[in-house]
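To keep things clear, I will list the structure first and then write my remarks on it.
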Number of protein chains: 2
Amino acid sequence: MKGTKIEVGRMGGPGRAGRLTGSERRRQIVRVAASLFAEKGFVATTTRELAAACGVSEAVIYKHFSGKEELFETVLRQKMAEVDVSPYLESLPSDISLLDAFRAVAGRILDIGLGDPLIQKLLLAATIAGSPEAQKLYLSWRQPFTDFLEKRIRRGIDQGEVRPVDPVLTARAFIGLVNDCVLNCNLYERFGFGDFNKENSISNNVPIFVRGIAVDGKIGS
Amino acid sequence: MKGTKIEVGRMGGPGRAGRLTGSERRRQIVRVAASLFAEKGFVATTTRELAAACGVSEAVIYKHFSGKEELFETVLRQKMAEVDVSPYLESLPSDISLLDAFRAVAGRILDIGLGDPLIQKLLLAATIAGSPEAQKLYLSWRQPFTDFLEKRIRRGIDQGEVRPVDPVLTARAFIGLVNDCVLNCNLYERFGFGDFNKENSISNNVPIFVRGIAVDGKIGS
DNA sequence: TTGTAGTTAGTAATTGCTTACTCATTCGCG
DNA sequence: CGCGAATGAGTAAGCAATTACTAACTACAA
């Protein structure tokens, strides 16, 4: 990989100029590793490359991690910790309208997914590499949204505002639609998705879905 | 990778038992390579592994391909040739109903995507590996469906049966929803998608979408 | 004898990882 | 206060194994 961007330590740190403290270095390594693992996958990212991108020798990686695999798992766990969508969902009003619920979910997925492309790319990398963290990352990324919408759809059916659709299939479908937008923007962006606009996408797609599940006349668009 | 499945040649072929003809061997190598590249990606798949899975030595690979990269490009091109959805779309009646159009597209994507998981996995592998074939495979996999639905939606708007939704965004959203099902079944199947049922998915999701874009009262469910 | 399909034994380069060492800073003791 | 020891962050050099790939050779059928 050419043109590796080297993140060097700050000047005036502990001792020699350019040196980082141990924990600073560890954080840097994890940050740089996340980027490279997300872009190239686990195997295609070499420890030489990781070290070079951090501006240190390979041995430094092994001062902080037992091996490449532990570094990868650490990256995945940290990314998982960053992706906690539950507080956001819990902050939504419990009597949220159907339209607002779908809009909020779509907006959040797009905000997070587009704001931090590494999430989805690391999920792919972890899944392909067969990492045990992959499933956790997958579930932490999707499950809260799916559960939230499933609940809201069930309540809508109970209250007569939603047709008897399958709540699980419907929630998954909508989450899938939004995640596909994220996937295209993050992974396939050079294949013709440079024109993606979040607001346009939400404005167009959310009403389609909400009208599609609503009992006739119950929900205005 | 343990437990590599070896495809040995047939007994009673040319000359020595177990030997294949040149073209048979080439086809076998491509088939086996498709499977391994799809599962592990380009870099993580070694030529040693490829040869072992074919039951030959590595040098045989180089009797048929100039190198690993050429083999990969060959795999991608062949898969692209296998994925030709245009004939199917062209076989659909030109006055197809909205519901039938969406249903046909969803059915086809699911049939192909689930019937041949390698398509999507190779697309991912090619994209991550930065292969020039990746964009072609991406477009050949998605563009025909997107174009077809976009056209049908435009006609629906013109004819007053579809609300003034954005045809491109809407088509992409629906294709995305279906492709996400395929992605989940193919890549994330061990994370809780073993229960996917194609007919249920279509029966639930297609009407939602069609009702969502239809002018009120124009389309029954 | 020739052609075909294959193998063996190798190459140079790369990989993940280790170890002995360096150097600057800090600390503690006399 | 000065000096030596300890510490922390890092490097250079190297390891064994693996990698993509090659060249010379083998064996058998036609």
Side-chain angles (χ1 to χ4, degrees), chain A residues 1-2 4 6-30 32-33 36-37 40-75 129 131, chain B residues 1-2 4 6-30 32-33 36-37 40-75 129 131:
Chain A
M1 166 183 163
K2 299 191 180 55
T4 299
I6 298 180
E7 288 190 23
V8 296
R10 71 184 185 283
M11 309 304 277
R16 187 176 301 178
R19 293 162 76 107
L20 302 178
T21 66
S23 53
E24 284 170 340
R25 179 65 75 193
R26 185 187 159 91
R27 278 196 288 276
Q28 183 214 24
I29 292 171
V30 171
V32 166
L36 287 171
F37 284 137
K40 312 183 60 169
F42 177 72
V43 177
T45 300
T46 66
T47 47
R48 269 167 185 69
E49 210 171 354
L50 287 165
C54 292
V56 295
S57 67
E58 271 177 281
V60 169
I61 310 279
Y62 294 90
K63 296 283 188 174
H64 296 278
F65 301 94
S66 65
K68 186 181 173 187
E69 201 163 312
E70 194 207 21
L71 174 54
F72 190 43
E73 305 298 330
T74 301
V75 163
S131 164
Chain B
M1 168 184 162
K2 298 190 180 60
T4 300
I6 298 180
E7 287 192 22
V8 297
R10 70 184 185 280
M11 309 305 276
R16 185 176 306 178
R19 289 160 77 103
L20 302 178
T21 65
S23 53
E24 284 171 340
R25 180 65 74 192
R26 186 188 157 91
R27 277 196 289 277
Q28 183 214 23
I29 293 172
V30 171
V32 166
L36 288 171
F37 283 139
K40 312 181 59 166
F42 178 72
V43 176
T45 299
T46 65
T47 48
R48 191 150 309 179
E49 214 169 353
L50 287 165
C54 292
V56 296
S57 65
E58 272 176 279
V60 169
I61 310 281
Y62 294 88
K63 296 286 186 176
H64 296 277
F65 301 94
S66 64
K68 185 182 174 186
E69 204 163 308
E70 194 207 21
L71 173 53
F72 189 46
E73 306 297 330
T74 301
V75 162
S131 166

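Chain naming here is simple, since letters A, B, ... match the order of the sequence lines and numbering starts at 1 in each.
- Counting all heavy atoms, side chain and backbone alike, B:Thr45 lies closest to B:Lys40 at OG1-CB, 3.6 Å.
- When rounded to the nearest whole Å, the span between CD1 of A:Ile29 and P of C:dG16 equals 15 Å.
- B:Glu70 CD: more than 12 foreign heavy atoms inside a 6.0 Å radius.
- Among the nucleotides C:dT7, D:dG10, D:dT19, the one closest to the side chain of B:Thr46 is D:dT19.
- Counting only heavy atoms from C-beta on, A:Arg48 has its side chain closest to C:dC17 among C:dT8, C:dC17, D:dT11.
- Residue B:Lys68 has a polar side-chain atom (N or O) positioned under 4.0 Å from OP1 or OP2 of D:dA20.
- For the OP1/OP2 pair of C:dG6 and a distance below 4.0 Å, the side-chain nitrogens and oxygens of B:Arg25 include at least one atom meeting the criterion.
- For the pair A:Arg19 and C:dA24, the criterion of a side-chain N or O lying under 4.0 Å from OP1 or OP2 is not met.
- Distance A:Phe65 CZ to C:dG16 P: 15 Å, rounded to the nearest Å.
- The two residues A:Val32 and A:Leu50 come nearest to each other via the heavy atoms CG1-O, 4.3 Å.
- Here the straight-line distance linking atom OG1 of A:Thr46 with atom CD of A:Glu58 works out to 7.0 Å at 0.5 Å rounding.
- Here C:dT15 presents its P atom at 13 Å from CG of A:Leu36, a figure rounded to the nearest Å.
- Going from atom CD of B:Glu49 over to atom P of D:dC21 covers 15 Å, rounded to whole Å.
- A:Phe72 has its CZ atom 19 Å from the C1' atom of C:dC17, to the nearest Å.
- When heavy atoms are screened at a 4.0 angstrom cut-off, A:Ser23 is found touching no nucleic acid atom at all.
- In this structure, B:Leu50 places its CG atom 16 Å from P of C:dG6, rounding to the nearest Å.
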Full working for side chain to side chain contact (heavy atoms under 4.5 Å, CB included) between A:Ser131 and A:Phe72:
CA-CA 9 Å; A:Ser131 164; A:Phe72 190 43; 4.1 Å; yes

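- With rounding to whole Å, A:His64 atom NE2 is found 16 Å from C:dC17 atom C1'.
- Residue whose closest nucleotide on DNA chain D sits further toward the 5' end, between A:Gly22 and B:Val43: A:Gly22.
- Here D:dC21 is the nucleotide among D:dG10, C:dT7, D:dC21 with the atom lying nearest to any side-chain atom of B:Glu58.
- Distances shorter than 4.0 Å separate none of the side-chain N or O atoms of B:Tyr62 from OP1 or OP2 on D:dT22.
- Distance B:Lys63 NZ to D:dA20 P: 19 Å, rounded to the nearest Å.
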